[in-house]
Amino acid sequence: MKARASPVILRTTCRKGRLPLQFEPLDQFQQRQKKLEEIRALGYAVYPHEFRWTETPAALVEAFAETPAAELEAHRREVRVAGRIVSYRLMGKAGFAHIQGAGKRIQVYVKLDVLGERAFKLFQLLDLGDNVGVAGHLFRTKTNELSVWVEELTFLSKALLPLPEKWHGLTDIEIRYRQRYLDLLANEKSRQVFLTRARIVQEMRRFFDGRGYVEVETPMMHPIAGGAAARPFITHHNTMDIDLYLRIAPELYLKRLVVGGIDRVYEINRNFRNEGISTQHNPEFTMLEFYEAYSNYRDLMELNEQLFALLAEKVTGSTTVRYGEHQLDFAKFQKLTMREAIEKYWPAEAGAAPTPAELAAPGGPRAAVERYNQWAGRTGAARITAKGQPCDGEWTGLLFEEIAEKHLIQPAFIYDFPTEISPLSKQKPEDPALTERFEIFAGGMEIANGFSELNDPAEQERRFLEQIAQGGEEAPKQLDADYIRALCHGLPPAAGEGIGMDRVTMLLTDSHSIRDVILFPLLRPEAPEAKTETPGAFAGEKD
RNA sequence: AGGGGCGUAGCUCAGUGGUAGAGCAGCGGCCUUUUAAGCCGAAGGUCGUGGGUUCGAUCCCCACCGCCCCUACCA
């Protein structure tokens with residue numbers, strides 16, 4: 001949208017204690033520094049250390065929303081309240097402003113004959129964006145707006161740069177992401193999204209803590225990147241002189257902890273994947289991953305039904321949540337095996353849909369792909385393609401992704417994944433071609449992935465070696481022998497799952513880009529500005 | 001990575017092949033119950049960057065940069 005997000009940064013020479021940077025708009029920046037000096041000259045501390053308040057602006061507005069003027073007069077309510085100035089109207093010897101705090105704004109009224117010369121002069125030197133504290137009593141104006149009759153005005157800090165425009169607010173998407181603090185100040189909706197996100201994390205913790213789970217933190221820097229198929233970021237430790245990978249999943253460490261007797265364990269933390277960026281992908285994203293000994297994937301599916309219904313209810317007040325044009329019902333999950341999903345969503349015009357039995361037969365998935373591609377070729381739809389020589393399981397996965405995934409708007413479990421694409425999952429006893437694995441889809445996105453954990457070290461080693469042999473950028477390069485050793489010490493039967501917290505937040509806040517639920521999403525760094533020598537940068541200070 | 005869109009004042013946006021405009025914010029003045037306060041006045045822009053076409057480019061063409069969307073990879 002914008003060439004570069006303002007402000008333009010002008011570099012100046014750094015002199016002892018002086019602000020080395022200047023920011024656009026320069027005229028306002030300098031104007032406000034001048035006012036700051038005038039405030040100092042009046043004898044006010046320009047960076048005071050605290051303000052004792054009694055209520056936030058939001059609390060006042062809420063608590064006295066209905067209190068009539070007469071009652072406020074009769075029972076005078078003294079308050080001390082602090083916030084950021086978001087509107088300002090000076091009218092000669094009186095003035096109004098709104099100060100914003102805890103997401104809401106309250107009006108304050110100042111009068112020369114109440115405040116006195118010095119404090120009123122201070123009020124005249126205020127700008128939109130400044131932080132102030134006021135002490136006084138509540139009253140209602142002629143137009144019946146709840147306001148603070150200010151008896152004492154305290155300067156708290158200066159905004160040297162202007163706030164976004166007050167009427168339209170901040171709409172520039174790039175600035176909203178790069179300078180999130182402005183977005184949070186200007187857009188209540190954005191503030192709400194991040195408060196809701198915090199609430200989601202809180203409720204998740206409550207849910208797992210209440211079931212005897214222990215929260216842990218495992219390494220984010222891994223000598224071997226494992227636990228998922230993804231390209232890792234590489235970093236380097238100087239003293240040890242070794243390369244490390246930012247983790248792509250905590251899975252293998254958490255299961256070591258289950259070996260160690262922490263039977264119910266979870267972690268909420270970041271994963272890093274060196275892959276594409278989109279409305280559903282940020283290079284670092286937050287996963288809740290949990291493991292439960294002695295349970296299988298069916299137990300987990302049941303747990304998830306409880307979890308998501310409860311979460312939606314607690315966070316939005318209802319188990320039914322609006323997401324764009326849809327109403328997602330988190331109290332009702334569709335359940336389909338992967339093969340059933342392919343059959344169900346197979347396009348009618350593409351000929352007979354492959355049955356689960358057909359997809360189970362050797363060469364069946366491959367044949368279905370060919371049939372699908374013939375149809376795709378005729379209609380111009382995307383063909384299913386793969387590098388190398390995919391096996392039946394991989395073809396099945398590709399079919400599912402192409403045909404079914406986008407239709408999974410309502411919450412759904414897709415289960416029984418091919419073993420070939422599930423290297424850490426336990427096979428189904430009656431069919432070793434399939435594993436006890438499920439994924440949860442909602443809003444057309446994958447939001448969770450869980451399975452009965454493979455705990456047979458011999459089989460795990462075989463699967464790892466197979467992965468490595470297949471190669472590819474996303475396959476591990478090295479056998480994680482330490483993990484196999486841990487399995488050799490005996491991992492009890494267990495089920496585990498990872499939940500994409502960012503995506504869950506998207507669903508519960510009706511956000512359609514992952515960047516709207518991540519405070520500081522990854523953006524390309526702003527182009528460095530040309531260095532400009534600007535001597536005597538500060539008002540009243542010359543070198 | 002490929003395709004599409006966008007980039008004009010601090011913010012939100014108009015606009016034109018002939019040297020750029022509004023509202024808000026900022027500056028000076030008036031104003032002691034306003035609330036998108038009002039009124040008067042002055043200011044503010046290498047129209048994303050670099051080339052090209054042209055007598056002349058913010059506008060047309062090309063390249064580059066950044067952001068957004070879609071597709072691909074992925075969760």
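Naming: A, B, ... by sequence-line order, numbering from 1 per chain.
A side chain to side chain contact (heavy atoms under 4.5 Å, CB included) with Leu170(A) holds for exactly one of Ile175(A), Leu184(A), Leu163(A); it is Ile175(A). Evaluated for a side-chain hydrogen bond (donor to acceptor under 3.5 Å, both in side chains) with Ser147(A), the options His137(A), Arg140(A), Gln107(A) yield exactly one hit, Gln107(A).
In this structure, the side chains of Leu288(A) and Glu267(A) stay at 4.5 Å or more apart for every pair of heavy atoms. Considering only heavy atoms from C-beta on, Ile99(A) comes within 4.5 Å of Ile85(A) through its side chain.
Listed nucleotides C68(B), U34(B), A25(B) differ in distance to Pro162(A); the shortest reach to its side chain belongs to A25(B). In this structure, of C69(B), A75(B), U34(B), it is U34(B) that holds the atom nearest to the side chain of Glu145(A).
Residue pairs meeting the side-chain hydrogen bond (donor to acceptor under 3.5 Å, both in side chains) criterion with at least one member in residues 403-416 of chain A, sequence neighbours excluded, are Tyr297(A)-Asp416(A), Asp416(A)-Lys428(A).
Remark on RNA chain B: of its neighbouring residues His98(A) and Tyr177(A), the 5'-side contact belongs to His98(A), judged by nearest-heavy-atom nucleotide. Nearer to the 5' terminus of RNA chain B, by closest-nucleotide assignment, is the contact made by Leu523(A) (compared with the other of Leu523(A) and Glu402(A)).
Here, C67(B) and G48(B) have their C1' atoms 11 Å apart, quoted to the whole Å. Rounded to whole Å, the P atom of G5(B) lies 42 Å from the corresponding atom of C27(B). Taking the C1' atoms as reference points, U8(B) lies 9 Å from G15(B), given to the whole Å.
The partner of C24(B) is G10(B), by the rule that a Watson-Crick or G-U pair needs both atom distances under 3.5 Å. Figure legend. A57(B) is base-paired to no nucleotide; pairs are counted as Watson-Crick or G-U wobble with both atom distances under 3.5 Å.
Side-chain atoms of Gln107(A) come within donor-acceptor range of the base of U34(B), with a qualifying N/O pair under 3.5 Å.
Within the nucleic acid shown, Ala229(A) comes within 4.0 Å of sugar-phosphate atoms alone, with no base atom in reach, counting heavy atoms only. Using a 4.0 Å heavy-atom criterion, one finds that Gln28(A) contacts the bases of the nucleic acid, with or without backbone contacts as well. Counting any heavy atom pair closer than 4.0 Å across all strands shown, Asn282(A) reaches a base atom. Across all strands shown, Gly500(A) has no heavy atoms under 4.0 Å from either base or sugar-phosphate atoms. Residue-level contact check: Arg503(A) touches the bases, meaning some heavy atom is under 4.0 Å from a base atom. Arg176(A) comes within 4.0 angstrom of no nucleic acid atom, judged by non-hydrogen atoms across all strands. Among the heavy atoms of the strands lying under 4.0 Å from Phe139(A) is at least one base atom, whether or not backbone atoms are also near.
For C68(B), the OP1/OP2 oxygens have a side-chain nitrogen or oxygen of Arg515(A) closer than 4.0 Å.
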Distances under 3.5 Å only, N/O to N/O: pair up the protein atoms with those of nucleotides 27-32 of chain B.
from	atom 1	to	atom 2	distance (Å)
C27(B)	OP1	Lys35(A)	NZ	2.3
C31(B)	N3	Gly92(A)	N	3.2
C31(B)	N4	Gly92(A)	N	3.3
U32(B)	OP2	Lys93(A)	N	3.2
U32(B)	O2	Lys111(A)	NZ	3.0
U32(B)	N3	Asp113(A)	OD2	3.0
U32(B)	O4	Asp113(A)	OD2	3.2

Given side-chain contact (heavy atoms from CB on, under 4.5 Å), test Phe208(A) with Leu307(A) step by step and report yes or no.
CA-CA 9 Å; Phe208(A) 286 100; Leu307(A) 170 63; 4.2 Å; yes
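For Phe308(A) and Phe207(A), the ring centers are positioned 6.0 Å apart or more. The distance between the ring centers of Phe438(A) and Phe333(A) does not fall below 6.0 angstrom.
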